[in-house]
A.B. asks: 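This is the structure I have questions about; it appears just below.
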Amino acid sequence: MKEFSYLQNRENWEAACRASQIVLEQLRPQEASSALIEPLIEKAQKGGFVPIHKANQAGGLGGSDLMIVIIVPIIAAVVDDLLSRLGTATITEIRKRLKKEKELMAQIQVRVGDIEAIVKVIEYPAGEREVQALAQAVNAALLRILQES
Amino acid sequence: MTSAPEPPPGRQPNIFALPSQTSLIFCLMVAVLVGAIFLGSLAPGPVCLWPVGLGMIFIPFRSFLARSGSEITRRGLVPAGESLAPLQNYIHTIAVQIGLSRSPLLLVRDGKLPGSPYTFGTPKHWYIAASREDAAVWQNQLACADSQPAAQARILHELYHFKTGDYWKMGYTRELLRLTFLFTGWAILFFLGWGILLVLAYQGFFELNFPELFERAGAFTPAQIQLLLQFLPASEDMEALRLKASGVNFGLVLNYLVASLFPFVLAGLFLRLFLYPKLWQVRELYADAGVSHNQKELLPFFSALSGIDLPILKHYPTVLSKIIADIHCSKDTLLGKRKTLYQYHTSWQNRLVCLCEPERVYGNWWGTALLAGGVALVFDIILVSPLTLMAVGDWPMHFPFLAVLVLVSVGYLIPTVALGRNGLALLARTLLKMTSVIVGIRLAWLLFTLGVLFSLLFLAPEFLAEILAGAFAAVARYAGQSTGLGDLDIQAFVVQAAVLNLTQVVIIFLVLLAAFASMIFLLSRLFRWYRLPEAGRRLLWAAYGVVGLPALFFGLVILPSLTTALFRPEDFLRPQSWIYPLLSLLISACGLALFLILDRKYADVCPHCGERVHEAYQVGKCCSACQKELFEWLSVEYRW
């Protein structure tokens with residue numbers, strides 16, 4: 001399983017936590033517990049993606065509907081992938097580059113197809129609209145954390 | 001249950017020592033359906049229905065027993081086998097540890113198994129079903145010291161479904177609901193088809209000339225025709241039958257059937273939509289509680305619930321308390337609440353909160369009041385069906401009153417008083433609000449029906465007369481025979497119905513309030529009987545007895561007297577009408593006297609040092625003299 005190595009950096013880790021918080025507040029406000037995000041980021045960072053039926057074994061306890069378990073690893077993957085694609089080590093570097101290279105914004109945008117691919121890997125049965133909403137929320141969250149100084 | 005005083009750190013209310021909410025909901029569902037079927041089948045009617053009633057009670061039990069076999073076949077489940085023997089052995093060890101009388105058999109299936117793992121079985125054979133992959137993961141987790149507690153939490157959760165006995169309650173209820181819908185659906189379609197066929201064909205059938213028919217067929221000799229005609233009604237008999245049938249209004253027959261069966265459909269829908277999911281949700285909360293009671297901490301359970309590895313969670317020692325604080329701060333949307341209402345499993349937030357505040361399993365006063373009001377309304381509707389009205393029509397207030405009394409006292413009052421969560425004044429105010437909601441639901445329904453009646457009276461009196469004639473015919477001894485309205489003054493009838501029904505609402509409100517007030521007094525005294533020997537085993541039964549006292553007094557002394565005064569005041573002159581209330585009064589008085597004697601003997605004395613204990617009980621309360629915990633069985637220790 002692939003590790004999200006960029007998240008070993010504390011700054012990137014915190015950016016992933018912040019982005020997760022923003023996405024959860026938008027999509028699942030009742031689950032936006034900041035306390036749970038860090039353990040989930042740590043789990044994702046160490047273990048990469050795990051199919052949902054294995055990751056969220058709540059089925060064994062009655063099938064709880066814990067969306068945070070799905071959303072946070074997706075954000076972790078997106079942040080890791082973004083840093084990897086742009087060849088930068090930290091989120092601060094991206095912020096600095098953004099000030100100089102406006103066209104970089106297009107590369108930062110996460111496509112629906114990317115989210116769809118992740119959703120397939122984790123075997124989460126999301127519909128088209130759900131994936132679109134997730135992509136929109138992720139992009140908005142990325143934009144916010146990159147604009148924050 | 002508001003303004004809860006905090007228990008000592010680590011001590012939580014033990015919900016297994018309080019009335020089981022699972023059993024209460026189960027009994028309620030069975031009482032509503034089976035009770036209505038039973039009463040309906042006993043009442044005099046045009047069709048002998050008691051065998052159907054018996055069948056409706058026992059066939060679901062038979063289906064429940066047979067379901068395990070069909071579940072195994074349908075899902076392709078097989079015994080786990082040698083490769084999973086360590087897991088099966090571990091299940092056996094834990095089953096013995098928690099005091100199960102037998103160990104469930106682990107059944108597995110290759111490939112995905114929806115809902116894996118889940119429990120099912122009969123009183124003699126218990127099963128845990130899982131996909132082979134899941135079972136292998138748990139077996140590996142059990143072998144690893146870091147993940148073992150989380151895997152154990154999963155297994156404990158499943159085993160507690162057997163420990164609490166909810167597997168058979170769920171199984172029987174599911175089959176009972178299924179049969180109710182199947183039977184009522186079949187009956188409606190069958191009788192509808194039968195009625196339509198009769199309406200279309202009865203004229204032609206009674207005019208059949210059998211000798212001519214046989215001759216035209218040409219297949220019989222005259223001797224054979226004579227033989228056949230001996231077995232058929234003579235033409236005079238056919239004429240008599242035709243005359244008799246012409247008096248039957250088939251529209252009224254259909255009206256009778258729909259009026260008889262519709263309340264069962266309505267009750268079944270209410271139970272299926274509201275109580276059945278609640279039963280599922282509550283049973284999960286009890287199984288969760290079983291895990292925490294055994295493991296004495298919540299983190300392994302949360303690891304199992306969230307899928308986050310236990311070692312990771314242990315890096316964040318305050319994670320659970322922070323999550324719980326976040327849950328308390330967050331506000332669920334109305335849509336979220338509605339979604340949760342119909343889900344078979346309550347939200348993970350609710351499951352966590354119920355472990356930290358176990359009394360939440362019983363719900364809040366508002367939820368209990370809505371449930372009790374809903375059940376009372378269902379009883380009201382069922383009991384005016386043509387099948388039941390003949391049996392219980394003389395006592396329109398008793399069944400809803402008793403249902404509400406039992407539901408509120410067992411599902412709300414006993415846990416609240418036992419845990420000392422509310423002060424008596426606050427509890428009294430809450431009960432006033434609950435009673436208002438419960439009676440308000442009945443009043444709202446009544447005002448709606450009365451509104452329709454009065455509107456018809458003024459706007460379409462002829463149509464109202466037709467409806468009333470149909471209703472009278474439906475409750476007549478023989479379905480389909482129109483009795484007509486005779487010289488009934490419709491306006492006077494509607495006004496009298498309105499007055500009688502509105503008076504009933506006032507009576508129920510006042511009697512319920514009085515009954516609840518007396519229950520608060522009795523229960524608050526009972527939960528100070530610190531000195532009662534074997535209190536852990538006996539006190540809950542004593543509480544049921546205490547609930548029975550006001551139920552007996554108000555349900556069988558006060559309510560019958562008020563009902564007689566309202567509907568049949570002339571009956572007061574007959575000594576027979578006094579016998580049962582007097583007998584109930586005598587039993588109530590004896591029960592109260594016994595209660596007072598025992599109260600003097602056991603109340604307010606520490607069982608450990610014999611010193612006086614002056615304050616009321618709260619979870620974790622200790623004797624001020626010897627510092628030993630009182631009612632220690634009412635609390636349990638676990639941390640998060």
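Keep in mind that the numbers below use all heavy atoms, side chains included, and drop hydrogens, waters and symmetry copies.
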A.B. asks: Could you tell me whether A/Arg129 atom CZ has more than 12 heavy atoms of other residues or ligands within 6.0 Å of it?
C.D. replies: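 At most 12 heavy atoms, drawn from other residues, nucleotides or ligands, come within 6.0 Å of this atom.
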A.B. asks: At their closest point, which heavy atom of A/Ala35 faces which heavy atom of B/Ile323, and how far apart are they?
C.D. replies: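 So the two residues come closest at CB-CG1, 3.8 Å.
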A.B. asks: Crowded around A/Arg85 CZ? As in, over 12 foreign heavy atoms under 6.0 Å?
C.D. replies: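 Count over threshold, so yes.
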A.B. asks: More than 12 foreign heavy atoms under 6.0 Å from NZ of B/Lys296: is that the case here?
C.D. replies: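 Atom NZ in B/Lys296 is crowded, with more than 12 foreign heavy atoms closer than 6.0 Å.
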A.B. asks: Identify the heavy atoms of A/Glu42 and B/Tyr316 that sit nearest to each other, and give their distance.
C.D. replies: OE1-OH, 2.8 Å
A.B. asks: If you draw a 6.0 Å radius around NZ in B/Lys163, do more than 12 non-hydrogen atoms from other residues or ligands fall strictly inside?
C.D. replies: yes
A.B. asks: Give the minimum heavy-atom separation between A/Lys43 and B/Ile308, together with the two atoms involved.
C.D. replies: CD-CA, 3.9 Å
A.B. asks: Looking only at heavy atoms, which two atoms of A/Pro39 and B/Ile312 are closest? And how far apart?
C.D. replies: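 For A/Pro39 versus B/Ile312, the nearest heavy atoms are O-CG2, 3.5 Å.
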